[in-house]
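Reminder, nothing fancy here: chain letters follow the sequence lines and each chain counts from 1.
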Amino acid sequence: MKLDADLRFAVADLYASYAACIDDGRFEEWPELFTDDAWYRIVARENFDRDLPLSVVSLKGKPMMQDRVYGISSTIFHAPYYQRHIISTPALSMSDDAVVHAKTNYAVFRTKRDMDADIYNIGQYLDEIVSTEGGLKFRKKFCVYDNDIIPNSLIYPV
Amino acid sequence: MKLDADLRFAVADLYASYAACIDDGRFEEWPELFTDDAWYRIVARENFDRDLPLSVVSLKGKPMMQDRVYGISSTIFHAPYYQRHIISTPALSMSDDAVVHAKTNYAVFRTKRDMDADIYNIGQYLDEIVSTEGGLKFRKKFCVYDNDIIPNSLIYPV
Amino acid sequence: MKLDADLRFAVADLYASYAACIDDGRFEEWPELFTDDAWYRIVARENFDRDLPLSVVSLKGKPMMQDRVYGISSTIFHAPYYQRHIISTPALSMSDDAVVHAKTNYAVFRTKRDMDADIYNIGQYLDEIVSTEGGLKFRKKFCVYDNDIIPNSLIYPV
């Protein structure tokens, strides 16, 4: 695997699929964008920069992700809201073991019923992407957000 | 026509031209980004998801678009405002009839004179793009927005 | 130099590096993204459209940029804040003298400690990019912002 045009387009497609999956509310498809042993983590920049382990969400492996999705759709009591992701063009590099390291800024806007849209979560994705039989997947996805005050609570993946 | 690098870049250029045209306020050039029989529609996500026909704006064919532009510049009484589009990388697919189906998130920020910028319209473009003698054009452009409360009114295209 | 896929990717990488440099707070590396005689300017759209010279920031040459960075880190008294850039795909063209002219919308979000994120600066970059021995660099970077009211003051580059 080389960091050529095809790979760059495939990575762009992965991010577009990621955003569409969450923004469409198809949460049950969300774990399929990860490898089986992937690590998904949402962590405040303040903690991340100091190498502190505390995260808002930390899911290791697809079963934990599926459990979270089950929680979202079946057990967590919350007012529904729309999310909308804007993702910048990622900075890409590739390590010797054929892992794509992607770093990209994101903004998630939230709209609650009958209210204005607001800025929900702002930060950067620090991701590791690998090629699998099912196409590119995230092996690691860290969402490092700037706004350490989370409006209400964080229910859906960002 | 194949969904290769050249086509992807041409689509990216089309979106950049689209944003620049509106954000620069060159509204009279805006209909030129569409085919003669194109359908431009701005519709709330709530209605779109339920397949309801009600739209904030629905323009079928270039003459209706030109009429709208005439309205903007000559007949609608409104306080002027700036728009600024941020458009994510689109997810693209191609159907057998050589139509490019593009789906991409967008955020439109608005600035009124002597006021802070605010989030004006957030949503996704669901577009069909075709190749014409004058280059790529939109044959269909649906702007499906999340924030069903529109701040003031919607004068310019989004 | 031709406006081909390689150049487009290199430009995308330059913008990703630019955003990462500022958003990570690595300001001392920021002047290295410019040529020695580059012109960096932050100007309100209202002034820019009228061809008025007044700018919020206007730095000609790398020494002025380095001086600004020294000011940021050592002399300007200010409350620290995070910045986060979302940059749209640029519209590119190339002039006969091998200068890439790039025009792209940007949104900068700001987060102050223990506060919500807000829209800090919205506008477009009007840039000239040249190839140097050290890779692509900005020869000119104009940040033309829509929101003529700047929240608090503008300390860091946008």
Checklist line | Under 4.5 Å from any heavy atom of chain C - which part of B/Asp114 | finding: both

Notebook entry, point to check: Non-hydrogen atoms of chain C under 4.5 Å away: do they reach the side chain of B/Ala5, the backbone, both or neither?
Noted result: neither

Note to self: Looking only at the side chains, is there a donor atom on one of B/Asn152 and B/Tyr81 sitting less than 3.5 Å from an acceptor on the other?
What the structure shows: no

Notebook entry, point to check: Quick one: of B/Asp23, B/Ile119, B/Asp6, who has the most non-hydrogen atom pairs under 4.5 Å with chain C?
Noted result: B/Asp23

Check: For B/Phe9, is it the side chain, the backbone, both or neither that has a heavy atom under 4.5 Å from a heavy atom of chain C?
Finding: both

Check: Is the backbone of B/Met64 close enough, under 3.5 Å, to the side chain of B/Arg68 for a donor and an acceptor to pair up by distance?
Finding: no

Margin query: Distance alone, cut at 3.5 Å: any donor-acceptor contact between the side chains of B/Tyr106 and B/Asn121?
Written below: yes

Next item on the list: Kindly say whether B/Ser88 contributes a backbone atom to a donor-acceptor pair with the side chain of B/Asn105 at under 3.5 angstrom?
Entry: no

Margin query: For C/Tyr120, which atoms come within 4.5 Å of any heavy atom of chain B: side chain, backbone, both, or neither?
Written below: neither

Check: Is it the backbone or the side chain of C/Ile149 that comes under 4.5 Å from a heavy atom of chain B, or both, or neither?
Finding: both

Notebook entry, point to check: Looking at B/Arg139, B/Lys62, B/Lys137, which one forms a salt bridge (charged side-chain N to carboxylate O under 4.0 Å, His left out) with B/Asp36?
Noted result: B/Lys62

